[in-house]
Protein chains: 2
Amino acid sequence: MSTPGRGLHGHVLDTLGPAITAGEYPPGSVLRTDELAHHFEVSRSVMREAVRVLESMHLVESRRRVGVTVRPKAEWNVYDPQVIRWRLAGADRPHQLRSLTVLRSAVEPVAAGLAAQHATAEQCAELTECALGMVANSRGHRLEEYLVHDVAFHRVVLNASGNEMFARLGDVVAEVLTGRTHHEVMFEDPDPAAVTLHVRVAEAVRARDAARAEELTRQITAGALQELDILAP
Amino acid sequence: MSTPGRGLHGHVLDTLGPAITAGEYPPGSVLRTDELAHHFEVSRSVMREAVRVLESMHLVESRRRVGVTVRPKAEWNVYDPQVIRWRLAGADRPHQLRSLTVLRSAVEPVAAGLAAQHATAEQCAELTECALGMVANSRGHRLEEYLVHDVAFHRVVLNASGNEMFARLGDVVAEVLTGRTHHEVMFEDPDPAAVTLHVRVAEAVRARDAARAEELTRQITAGALQELDILAP
DNA sequence: AGACTCAAAAAGTCAGACTTATAAGTCACA
DNA sequence: TGTGACTTATAAGTCTGACTTTTTGAGTCT
């Protein structure tokens with residue numbers, strides 16, 4: 001999915017990042033670079049690079065004579081894909097999942113409306129293809145195949161919106177959808193109503209009907225929210 | 001606004017970050033750590049730390065035997081506040097401003113709706129106070145005072161939504177609003193209609209009327225978008 | 001009590017030697 | 001001529017040790 005273990009400092013981050021985002025070090029906790037370097041059995045230079053990265057994510061703050069202090073959660077760069085991944089892998093996964101789903105419910109409808117205005121013919125075709133793929137795999141416990149098309153569908157919509165900020169949320173949506181299929185309980189086949197909505201969004205975009213694409217997508221994300229409420233009220 | 005020049009590597013970033021985000025190094029360009037270190041007159045270790053930060057922002061990719069290659073714009077972490085600041089300071093400021101305003105138009109209405117459900121009494125009071133502050137400074141070229149209250153208003157709404165992802169967009173909104181007042185042409189006093197809308201949003205939130213708060217905020221952000229279209233069609 | 005000094009602590013910086021991965025070139029063989 | 005294996009040059013990656021700088025907290029003097 002991403003860039004795992006690119007060097008020693010990457011390995012350190014893969015351990016320290018999840019630990020911090022999981023709240024194992026409460027805000028205000030002080031770490032010392034030398035100590036960490038010894039603990040991870042790496043040189044100080046490697047450790048310093050790792051700390052710099054954590055600092056750029058606003059997870060920690062490094063100050064002379066005091067050390068590396070963990071910042072309060074409210075200051076973290078929660079849009080950093082790496083941070084999102086760490087948090088989704090950790091204890092407050094449910095909370096993070098809800099935050100992201102609410103974000104989706106705000107962004108995706110507007111993105112769909114813009115997509116209806118800006119999508120190229122090719123993107124329209126892709127969208128229809130994805131929707132059909134969802135229909136084809138919506139029965140018979142073909143969850144994996146369904147997921148692939150679902151993710152692709154939302155990615156195309158976000159890209160077709162023409163807004164770079166929306167486009168970059170493609171990975172986030174992918175994480176959320178994948179998480180729903182893999183981690184949450186998902187014995188049943190997908191809700192037929194949701195499948196139909198996707199098909200209709202594809203149609204609306206192709207028909208350049210922005211208002212309808214937006215409204216239909218709003219129904220999709222509302223369903224996703226409702227699903228969360230049922231699972232974790 | 002943020003954390004400028006915290007150490008040598010910070011100074012390097014303050015130069016290299018804006019340069020990359022401004023597109024001075026086209027995607028695929030290859031930089032060499034040693035060369036950069038020599039150019040900025042810093043040691044290799046400092047330069048390496050700077051590169052690690054740029055790498056964590058997905059602005060560049062560092063590979064053995066190749067060097068540090070600049071990644072295409074589509075892969076940048078465009079939600080990183082630092083990246084946003086660099087881009088707002090650079091050449092594609094108008095483009096970035098539009099992207100962010102579209103993002104606002106998606107997020108803020110939903111955030112206002114949630115705020116109407118979750119805002120504490122204290123937050124309601126703050127909101128009213130901000131709105132009144134806007135009214136009081138809406139005439140007589142008191143643009144700076146108006147701006148302060150405007151920024152505060154939107155921050156409170158985003159925080160009161162109870163969603164951490166929304167809350168973290170407070171800084172982004174602040175940048176956009178500040179940019180509008182300082183960089184764009186803004187001789188005139190603020191649009192009276194916009195001021196009234198803010199007051200009514202505060203009322204709606206206090207009245208726990210989520211639908212109304214959302215709709216009114218939608219009108220505010222629609223106005224912001226329209227303003228952009230007039231300035232840069 | 002307040003201001004002043006001083007020493008310890010931890011991050012920050014630097015220089016240099018060494019290691020490792022890998023792109024690219026070379027050469028032999030089919 | 002093309003293809004595979006071998007070699008080499010290169011730039012990042014790593015480690016170490018010495019030194020600098022900033023900041024805090026304790027101790028001291030008035």
Side-chain angles (χ1 to χ4, degrees), chain A residues 2-17 19-20 24-72 75-76 82, chain B residues 2-17 19-20 24-72 75-76 82:
Chain A
S2 63
T3 52
R6 24 23 203 149
L8 281 188
H9 94 282
H11 174 253
V12 171
L13 283 175
D14 287 341
T15 308
L16 205 48
I20 294 175
E24 285 177 33
Y25 303 93
S29 304
V30 177
L31 313 171
R32 263 149 307 148
T33 310
D34 290 4
E35 215 167 78
L36 289 172
H38 181 259
H39 176 259
F40 286 105
E41 297 179 299
V42 296
S43 66
R44 290 199 316 287
S45 29
V46 167
M47 196 62 225
R48 287 178 54 75
E49 288 171 26
V51 168
R52 283 281 175 263
V53 172
L54 293 175
E55 200 176 27
S56 91
M57 296 168 172
H58 274 65
L59 296 184
V60 303
E61 187 181 2
S62 181
R63 283 175 54 199
R64 276 188 153 121
R65 181 53 170 79
V66 37
V68 178
T69 62
V70 178
R71 306 185 104 161
E75 294 176 15
W76 298 348
Q82 182 99 82
Chain B
S2 65
T3 53
R6 40 331 209 201
L8 281 188
H9 93 283
H11 174 252
V12 171
L13 282 175
D14 288 341
T15 308
L16 206 47
I20 294 175
E24 284 178 34
Y25 303 93
S29 303
V30 177
L31 314 172
R32 264 152 304 148
T33 310
D34 290 2
E35 215 168 78
L36 291 172
H38 180 259
H39 176 258
F40 286 105
E41 297 178 301
V42 297
S43 67
R44 285 205 316 138
S45 26
V46 167
M47 196 61 225
R48 286 180 54 76
E49 287 170 26
V51 168
R52 283 281 176 263
V53 173
L54 294 175
E55 198 175 28
S56 91
M57 296 167 172
H58 273 66
L59 295 184
V60 302
E61 187 182 2
S62 179
R63 284 174 56 200
R64 276 193 152 115
R65 183 53 171 72
V66 171
V68 177
T69 62
V70 178
R71 305 183 91 143
E75 294 176 15
W76 297 349
Q82 183 100 84

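Chain naming here is simple, since letters A, B, ... match the order of the sequence lines and numbering starts at 1 in each.
- When distances are taken from the side chain of A/Val68 to each of D/dT16, C/dA11, C/dT13, the shortest belongs to C/dA11.
- Under the 4.0 Å criterion applied to side-chain N and carboxylate O atoms, A/Arg52 and A/Glu49 are not assigned as salt-bridge partners.
- Atom CE of A/Met47 is separated from atom C1' of C/dT13 by 18 Å (rounded to the nearest Å).
- No side-chain donor-acceptor contact under 3.5 Å links B/Glu61 to the backbone of B/Arg71.
- Among the atoms of the strands shown, only primed sugar atoms or phosphate atoms (P, OP1, OP2) are found under 4.0 Å from some heavy atom of B/Val66.
- When rounded to the nearest whole Å, the span between CZ of B/Arg6 and P of C/dA11 equals 18 Å.
- In this structure, B/Glu35 atom CD and D/dT10 atom P are separated by 14 Å, rounded to whole Å.
- Checked by atom type, the side-chain pair B/Ser45/A/Ser45 shows no donor-acceptor distance below 3.5 Å.
- Remark: A/Phe40 CZ is packed, more than 12 non-hydrogen atoms of other residues, nucleotides or ligands lying under 6.0 Å away.
- OP1 and OP2 of D/dG13 both lie 4.0 Å or more from every side-chain N or O belonging to A/Ser45.
- Within the structure, a side-chain polar atom (N or O) of B/Arg52 is placed less than 4.0 Å from OP1 or OP2 of D/dG13.
- Listed nucleotides C/dG16, D/dA18, C/dA11 differ in distance to B/Arg44; the shortest reach to its side chain belongs to C/dG16.
- Here the C1' atom of nucleotide D/dA11 and the CZ atom of B/Arg48 are 10 Å apart, to the nearest Å.
- Checked against D/dT22, D/dA12, C/dA10, the side chain of A/Arg32 finds its nearest nucleotide in C/dA10.
- To the nearest angstrom, P of D/dA9 lies 11 Å from CZ of B/Arg65.
- Comparing D/dC15, C/dA11, C/dC14 against the side chain of A/Ser62 picks out C/dA11 as the nearest.
- In this structure, CG of A/Asp34 is placed 13 Å from P of D/dG17, rounded to the nearest angstrom.
- Contacts of B/Thr33 with the nucleic acid, taken as non-hydrogen atoms under 4.0 Å apart, involve only primed sugar atoms and P, OP1 or OP2.
- Between the CD atom of A/Glu41 and the P atom of D/dT14 there is a distance of 15 Å, rounded to whole Å.
- Shortest non-hydrogen contact noted between A/Pro27 and A/Pro72 is CB-CA, 3.7 Å.
- Ranked by how close their nearest DNA chain D nucleotide is to the 5' end, A/Val42 and A/Arg64 are led by A/Val42.
- The distance from atom CZ of A/Arg63 to atom P of C/dG12 is 11 Å, rounded to the nearest whole Å.
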